[in-house]
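The next block holds one structure in the form of structure tokens; read it before the comments.
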Amino acid sequence: MRTLPDGFNGAIMAVESIEDAAVFLHGPGGCRVQHMVRSTAVYPRLAPGSQEDYFDIYYYGYPRVPASYLDEYDFINGAFYKTSEALPILADKEPSLIVIINSPGAALIGDNHEKAIRDSGLENRAIYMDESLVSMPMTECYGHMLRAVMQHLAPERSEVLPGTVNLLGLSLYDKDWEAGKEDLCGLVESMGLKVLSTPGAGASIEDLKRSVRAEFNVVVCPEMCAGLLEYYESKGVPTIRPSCGAPIGFTAVKEWVKSIAEATGKDPEPALDKVRRVERKVYDKFMGLKYNVLRTRGLPFSIAGTASVVRSITEWLYSYLSMIPIAVAVDPGADENEVGLLKRFLEERDLLDSFGKEPPEDSDVVLCEGIAALTMAEATGCIGIPIGYSCTGMDDIIPRPIYGIQGAMYILDELIHGVRGS
């Protein structure tokens, strides 16, 4: 059974992705725990001050995702007083932005967060998300939350910085997201471009303000920047959306590079040369591991996740290793264009029956979110490869993202290790 984050989780993590922003969770303490642990695990960053500064009310010794700790009294009588009391305490920690997010139950109370912000004199440093997010897809709310932040900041595109780009669609939910970001930024910068900002993946408030001055936006994962992309376009920032889907696997990474070069007029060869050098090393390694590599030929696999990610991996494993998809599922909030291209790819190879199926228990290879992939590997002996929703803080010390050159090597490494041990 797969366990997926929802829109409530996505909105909180979107704010947590901002280096100097803070979430105030208006809800019971139980709603806080998973978010404060997850955000620390995937994006450990030092809080200002010392640990002792976070033993006061609403923090209770932990600096991430402070909460109002609503109880039965608050649900009956309202908890406006808690928000009013908490905001000055949070402001003393000097975050550049505070975002109040209701838990699903707290949204029913109707506490006036706008008044609490106004009474605290924090109109320029605090906003609230007063929507029911729990039933919405995580991806949709991740981009939606970032868009709300940008609308609050309201930066002006007073000038365009030539040769600069933003990477949109990276997120804290990506496996080993910092390594993936570093890999993709390295490819882009090798072409003579500068990455101005990566909204949703470690950007600061100042980075976000400056991001509207980028010459282009480059899409990494379209689902994770839904809504945000349209905001930038409304500001006049043109979009480069490569046709390859997410840049996963050597083929897609090269197409992603070529699309950026074509739109910006830059030379793609320095970046392509990086990919080719690694491809050659992998080829030489495969020649030495010929028996185990041949065992991947015709190997059936199941995959589930974000549509653009699923599409790129499915196409690459089929063409590069001759593996056969038997179950291909896309998560809620899928990009319709990516779904259409994925279904067409499967249909042209008489594999459309695999679409819409969750990974079965008898799968040889399963690629999906980390918890499900590793659980299935433990339970059935299949090769389980985590490709998303990384939240345990147990990623390898060696970079093992899914995006870019490192991502291709990670997936191949897991496959070869798996068939060798089977």
Side-chain angles (χ1 to χ4, degrees), residues 10-27 35 39 43 45-49 53-54 56-59 63-68 79-103 106-107 110-131 133 141-159 161 166 168 172 196-214 225 227-228 230-232 234-237:
I12 291 174
M13 292 300 284
V15 179
E16 284 294 290
S17 78
I18 303 171
E19 181 181 315
D20 49 347
V23 171
F24 180 64
L25 175 57
H26 191 51
H35 296 104
S39 63
Y43 189 18
R45 49 188 168 91
L46 295 176
D53 295 331
Y54 294 91
D56 47 17
I57 191 171
Y58 305 118
Y59 285 98
R64 303 291 283 275
V65 194
S68 55
F80 171 80
Y81 73 100
K82 285 191 169 180
T83 308
S84 296
E85 183 181 55
L87 282 173
I89 295 173
L90 269 68
D92 283 345
K93 307 298 187 284
E94 299 185 346
S96 298
L97 180 69
I98 299 168
V99 182
I100 304 171
I101 297 179
N102 287 326
S103 72
D111 290 321
N112 192 338
H113 299 320
E114 183 178 8
K115 184 177 187 305
I117 291 171
R118 188 171 60 250
D119 290 350
S120 301
L122 293 171
E123 296 95 323
N124 294 328
R125 290 179 54 200
I127 61 174
Y128 65 96
M129 181 61 70
D130 197 15
E131 300 178 34
L133 305 171
C141 288
Y142 202 93
H144 179 63
M145 185 72 255
L146 291 171
R147 176 174 183 154
V149 169
M150 292 300 297
Q151 288 173 328
H152 167 75
L153 298 176
E156 291 297 326
R157 187 170 162 84
S158 55
E159 62 174 322
L161 301 176
N166 300 315
L168 301 188
L172 299 193
L196 201 60
S197 180
T198 55
S204 67
I205 291 295
E206 284 304 313
D207 291 337
L208 295 177
K209 290 178 179 178
R210 191 168 55 246
S211 66
V212 296
R213 298 161 63 188
C225 57
L228 180 64
E230 289 74 16
Y231 169 82
Y232 280 107
S234 73
K235 288 288 187 178
V237 186

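If you're wondering where the values come from, they're calculated on a predicted model, not measured in any experiment.
- The local environment of CD in Glu94 is sparse, with at most 12 non-hydrogen atoms from other residues, nucleotides or ligands closer than 6.0 Å.
- Residue Ile127 comes nearest to Ala148 through the heavy atom pair CD1-O, 4.2 Å, listed as atom of the first residue, atom of the second, then distance.
- Contact check for His113 versus Asn102: side-chain heavy atoms found under the 4.5 Å cut-off.
- Within the 4.5 Å cutoff, the side chain of Ile89 has heavy atoms near those of the Tyr59 side chain.
- Residues Ala91 and Ile98 come closest through the heavy atom pair N-CD1, 4.0 Å.
- We find that Arg64 and Glu16 are joined by a salt bridge, their nearest charged nitrogen and carboxylate oxygen being less than 4.0 Å apart.
- In plain terms, the two heavy atoms of Leu208 and Ala203 that are nearest each other are CD2-CB, 4.0 Å.
- The nearest pair of heavy atoms linking Ile12 to Val23 is O-CG2, 3.7 Å.
- One finds the CG atom of Leu133 at 10.5 Å from the OG atom of Ser103 (value rounded to the nearest 0.5 Å).
- Between the CD1 atom of Ile18 and the CD atom of Glu206 there is a distance of 12.5 Å, given to the nearest 0.5 Å.
- In plain terms, the two heavy atoms of Ala116 and Thr83 that are nearest each other are CB-CG2, 3.7 Å.
- No side-chain heavy atom of Asp119 sits under 4.5 Å from any side-chain heavy atom of Leu87.
- A donor-acceptor contact shorter than 3.5 Å is absent between the side chain of Glu85 and the backbone of Lys82.
- When all heavy atoms of Ser39 and Val65 are compared, the pair lying nearest together is OG-CG2, 4.1 Å.
- Using a 4.5 Å cut-off on side-chain heavy atoms (C-beta onward), Met145 and Val99 make contact.
- Remark: the backbone N or O of Pro199 is not paired with any side-chain donor or acceptor of Asn166 at under 3.5 angstrom.
- Taken from CD1 in Ile205 to CG in Leu97, the straight-line distance is 4.5 Å, to the nearest 0.5 Å.
- With hydrogens and angles disregarded, a donor-acceptor distance shorter than 3.5 Å links the side chain of Arg125 to the backbone of Pro95.
- Residues Val212 and Met150 meet the side-chain proximity criterion, which asks for heavy atoms closer than 4.5 Å.
- For the pair Tyr43 and Met13, the minimum side-chain heavy-atom distance is 4.5 Å or more.
- With hydrogens and angles disregarded, a donor-acceptor distance shorter than 3.5 Å links the side chain of Ser68 to the backbone of Gly27.
- No side-chain donor-acceptor contact under 3.5 Å links Arg210 to the backbone of Ser197.
- Rounded to the nearest 0.5 Å, atoms CD1 (Ile100) and CD1 (Ile117) are 4.0 Å apart.
- Annotation: Glu159, atom CD; neighbour count of heavy atoms from other residues, nucleotides and ligands within 6.0 Å is above 12.
- Lys235 places a side-chain N or O within donor-acceptor distance of the main-chain N or O of Pro155, the cut-off being under 3.5 Å.
- Not one N or O on the side chain of Tyr232 forms a donor-acceptor pair closer than 3.5 Å with the backbone of Ser211.
- Listed for the His144 side chain is no donor-acceptor partner under 3.5 Å among the backbone atoms of Cys225.
- The closest donor-acceptor contact from the side chain of Asp111 to the backbone of Ala79 lies under 3.5 Å.
- Note that CD of Gln151 and OG of Ser234 are 8.0 Å apart. Values are rounded to the nearest 0.5 Å.
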